[in-house]
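Presented below is the structure to which this report refers.
Quick note: residue numbers are just sequence positions, from 1.
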Amino acid sequence: MTPSGIMIFAAGFGTRMGALTQTQPKPLIPVAGKALLDHALDLVAGHRGLKTVVNAHYLADQITAHLHGRDVSVSLETPDVLDTGGGLRQALPLLGAGPVFTMNSDMVWGGPNPLPVLEAAWDPTEMDALLLCVPMAQAVGRKPPGDFTLNNGGELRRGGDWVYTGVQILSPHLLEMVPDRVFSLNRVWNLAADQGRLRGVTYPGHWADVGYPEGIAMAERMLANV
């Protein structure tokens, strides 16, 4: 079963951006003349029809206003931000049944649309989580260390020089195994790894992390050279 929905994470405080996020949420920071959130939404539009959900907490009114009139649902997290795992679990009724894409909103891509790359490698008989990764040399603006080791069979283990790009396909039944209301998807990946069902696939282009101010110029240079 292929994913029918995608969750774009846009609820965080963006503290690493310093003054840039004092009055606007990080997903609305412009990179190459376009808000980070719109870079993500353009990838969704360029793939196929997906139910699209964006979560919001910090300066949520700006996120909601930015999305007004679009075919995008907003999952408001209040009074507390729920982290990636809790936020995804809250949004599941809006996403539909079955596996889902998730995407962070603080990166840009210098290469093919990452969603079909992931979908082509997705095999629900073998995996419950499939993470799109790049080697550190292709991760523009990312500071070491990496996140994972990716072996030739696609299995992931913690530690190594492969970087998670912030896009994945996930079987949501794993979320029900975590009792907490607020939790990270890292806990879900650990559950999948314990069952031998955590996998990775290589992104063939470059990818830019725009998690801090210096990353904006790096990402714009990358895009200019695509």
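Checked by atom type and distance alone, the side chain of Asn151 pairs as donor or acceptor with a backbone atom of Gly153 at under 3.5 Å. Here the side chain of Thr149 pairs a donor or acceptor atom with the backbone of Gly159 at under 3.5 angstrom. The backbone N or O of Leu50 lies less than 3.5 Å from a partner atom in the side chain of Thr52, making a donor-acceptor pair. Of the possible donor and acceptor atoms, none in the side chain of Trp162 sits under 3.5 Å from a partner among the backbone N and O of Cys133. In terms of modelled atom types and a separation under 3.5 Å, the side chain of Tyr203 and the main chain of Pro112 share a donor-acceptor contact. One N or O on the side chain of Trp122 and one on the backbone of Met1 form a donor-acceptor pair closer than 3.5 Å. Counting only distance, with no hydrogens or angles, the side chain of Glu77 and the backbone of Leu82 share a donor-acceptor pair below 3.5 Å. Here the side chain of Ser105 pairs no donor or acceptor atom with the backbone of Pro27 at under 3.5 angstrom. Glu176 places no side-chain N or O within 3.5 Å of a backbone atom of Arg89 that could act as its donor or acceptor partner. Without hydrogens or angle criteria, Tyr164 side chain to Gly200 main chain gives no donor-acceptor distance under 3.5 Å.
By the rule that hydrophobic residues join a cluster once side-chain heavy atoms approach within less than 4.5 Å of another member, Leu59 and Leu36 end up as members of separate clusters. Criterion: ILVMFWY side-chain heavy atoms under 4.5 Å apart, direct or through other members. Under it, Val117 and Met103 are part of a common hydrophobic cluster. Tracing side-chain contacts under 4.5 Å through hydrophobic residues (I, L, V, M, F, W, Y), one reaches Ile6 starting from Val54; they form part of the same cluster. Linking ILVMFWY residues whenever their side-chain heavy atoms come closer than 4.5 Å, directly or via other members, leaves Val81 and Val188 in distinct clusters.
When each of Val72, Asn55, Leu28 is paired with Ile63, the side chain to side chain contact (heavy atoms under 4.5 Å, CB included) condition holds for Leu28 and for no other.
Not counting sequence neighbours, the partners of Glu119 by the salt bridge (charged side-chain N to carboxylate O under 4.0 Å, His left out) test are Arg48. For the salt bridge (charged side-chain N to carboxylate O under 4.0 Å, His left out) test, residues two or more places apart in sequence or in another chain that qualify with Arg187 are Asp180. Remark: Gln24 pairs with no residue by the side-chain hydrogen bond (donor to acceptor under 3.5 Å, both in side chains) rule, at least two apart or across chains. With sequence neighbours excluded, no residue forms a side-chain hydrogen bond (donor to acceptor under 3.5 Å, both in side chains) with Asn113. For Arg70, the salt bridge (charged side-chain N to carboxylate O under 4.0 Å, His left out) partners are Asp38, not counting sequence neighbours.
A 6.0 Å sphere centred on CZ of Arg157 holds no more than 12 heavy atoms belonging to other residues, nucleotides or ligands. The 12-atom threshold is not exceeded at CG of Asp71, counting heavy atoms of other residues, nucleotides or ligands nearer than 6.0 Å.
With a 4.5 Å cut-off on side-chain heavy atoms, Leu131 and Trp189 count as touching. Counting heavy atoms from C-beta outward, Thr84 and Thr102 have side chains that stay 4.5 Å or more apart. Contact of the Arg142 side chain with the Asp147 side chain is registered, since non-hydrogen atoms from C-beta on lie closer than 4.5 Å. By the 4.5 Å heavy-atom criterion applied to side chains, Leu88 and Pro172 are not counted as neighbours.
To the nearest 0.5 Å, atom CG of residue Leu175 and atom CG of residue Leu92 are 5.5 Å apart.
The existence of a salt bridge linking Asp123 and Arg199 is excluded, since no basic side-chain nitrogen approaches an acidic carboxylate oxygen closer than 4.0 Å.
Within the structure, ring pair (Phe, Tyr, Trp, His ring centres under 6.0 Å) contacts touching residues 58-99 (residues at least two apart or in different chains) are Phe13-Tyr58.
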